[in-house]
Amino acid sequence: MEKRAALILAAGKGTRMHSDKPKVLQKILGSPMLACVYQALQPVFGSDILTLVGHRADLVKASFPDQRFVLQSEQLGTGHALACALPVLREQGYSHVMVVNGDVPLLTENLLSRFLDEARGSELAFASVKLADAGAYGRVVRKDGQIAIVEAKDYDERLYGQPTGEINVGLYWLSLELAEKLLPRLRPSAKSGEYYITDLVALALEAGARVSAIVLDSDQRLLGVNSPKELSAMEEFLRQEIVQQLLAKGVICHAPDLVRVGPLAEVEAGSELTGPCEIYGQSHIASGAEIASHCFIEDSSLARGARIHSFSHLSGAQVGEGALVGPYARLRPGAVLEEDSHVGNFVELKKARLGRGAKANHLSYLGDASIGQGTNIGAGTITCNYDGKNKHRTEIGEQAFIGSNTALVAPVSVGAGALVGAGSTITHDVPANNLSVARAKQKNYAQRLVKTDNA
Ligand code: UD1
Ligand code: CA
């Protein structure tokens, strides 16, 4: 019985990116390229996905803790990469593998399914597209009923004729049996010294195996990213496509050329965005939410009627129905704004919950805190949550009033209905409904003390 897995090749360094970061972690609209590949693969392969890592493997693994990895400790080419994974695939009972380069971020579930449908029955299949210019991609050569993939640097026009523009996209289907038979026959390229997975095509034909070269017509989407220029071209292609989809489904976009929405984000019809803005990661923007210009939003959710004013930065935040944020607000991971709460300018929240209708409208830091419903946090209030070693919590009850410029030295609590006088430094709990004032008493002197020269 056929049991198939997907293998993502992600061990390479990506030398042409000129970056320390492994290439597959380079971001496209806020998401690492590899996350985009997983998104396309998961609906088809579920958990039967293995990722081959090598260059800075720890970094790649740490970015995707739920995935399964195989190590290629030396990067000796894509053929060697497959050879490293083969024993693991066997051990786990797979009979076939779909191999895909990790640097093809715009791959879609739909393209994959089409490829797999057409590959059915083959022992080896690969996907190609036709381009006006074959660039640096591996070229597909079809001659006298034979097919081969010839890498750009090995391409000799005298041998193969003018390139036709048909290129290998780096998507393969293989029976493990055939791969096991052919991999020992791979020889390193004379030019680069690497073992090429692409050489398996000619070897398979020689061995009389059933080989299919499948031409997929969706060109741009299937191209690999190798340089900063290709990365930005790909990103712009995807950006325009996503914005067009949003407009078509009923998202209002002002300055749509400046709206950047990532591939994993979900923006509902009936929401309103103004560019420039960025909405990345696993964000969810509900119908009726509004995002003004110059906002950055990642891994955050906005409920109906939430409004984010300009220059706000949200990461890992939840904004409830009708809540108002900004301008110039910063919501860090764990910020939860319940219905109709307000966070105003120069207010930062981290791991802090603002209850229904509560307000922190100006110049505050609220960290490791919970604030009850209807409570008002005065301008300049700070939760002093860090003692140099540990973080401590501040709990504020419902309908409390914290006067301006209060320092709440955690761990500390302020009970429901309590009122804290402006300028207080609160180091002890304040019971419910108490008035607490913790500041030096004001003294007024009848005469100003003026120092004169002859005094
Ligand atoms: C490869 C193909 C080329 C194709 C192109 C499509 C080969 C030899 N060439 O070229 O025919 O047109 O993709 O984009 O395969 N990798 C490893 N281990 C290694 C080397 C690479 O895991 O030892 C991974 C890389 O991380 C990358 C993928 O394999 O994700 C492809 O490698 P890359 O160096 O980008 O190959 P290309 O030169 O683009
Ligand atoms: Ca590549």
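Computed over heavy atoms, backbone and side chain alike; hydrogens, waters and symmetry mates excluded. Note that ligands are numbered from 1 as they come in the structure, with each ligand's atoms numbered from 1 the same way. Because the structure is a prediction, the values reported are computed rather than measured.
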Test of understanding: given a 4.0 Å heavy-atom threshold, classify the contact between [X] and ligand 1 as side chain, backbone, both, or neither.
X: H80; result: neither
X: A136; result: neither
X: D103; result: both
X: H55; result: neither
X: K13; result: neither
X: L52; result: side chain

(message) Is M33 close enough to touch ligand 1? Criterion: a residue heavy atom under 4.0 Å from a ligand atom.
(response) no
(request) Using non-hydrogen atoms of the residue, decide whether G54 is closer than 4.0 angstrom to ligand 1. (result) no
Measure the distance from [atom] to every protein heavy atom, then report the residue, atom name and distance (to 0.1 Å) of the closest one.
atom: atom 39 (O) of ligand 1; result: N226 OD1, 3.4 Å
atom: atom 22 (O) of ligand 1; result: A11 N, 2.9 Å
atom: atom 18 (N) of ligand 1; result: Q72 OE1, 2.7 Å
atom: atom 13 (O) of ligand 1; result: N101 ND2, 2.9 Å

Close-contact set for ligand 1 against [X] heavy atoms, below 4.0 Å:
X: R16; value: 34 (O), 35 (O), 37 (P), 38 (O), 39 (O)
X: V169; value: 6 (C), 14 (O)
X: L76; value: 23 (O)

(message) I'd like the name of whichever of E194, E151, K153 reaches closest to atom 2 (C) of ligand 1 through any heavy atom.
(response) E151
(request) From atom 32 (O) of ligand 1, work out which of V24, T78, N168 has a heavy atom at the shortest distance. (result) T78
(request) Cation-pi check, R4 to F45: give yes when NZ or CZ is under 6.0 Å from the six-membered ring centre and within 45° of the ring axis, no otherwise. (result) yes
Lys/Arg N to Asp/Glu carboxylate O, [X] vs [Y], below 4.0 Å:
X: R16; Y: E230; answer: no
X: E338; Y: R353; answer: yes
X: E321; Y: R304; answer: no
X: D340; Y: R356; answer: no
X: E180; Y: R90; answer: yes
X: D156; Y: R158; answer: yes
X: E166; Y: R142; answer: yes
X: R393; Y: E395; answer: yes

(request) Give the ring-plane orientation class for Y195 versus H80, where under 30° counts as parallel, over 60° as perpendicular and anything between as tilted. (result) tilted
(message) Taking N, O or S atoms only and a limit of 3.0 Å, check whether N101 reaches the Ca ion (ligand 2).
(response) no
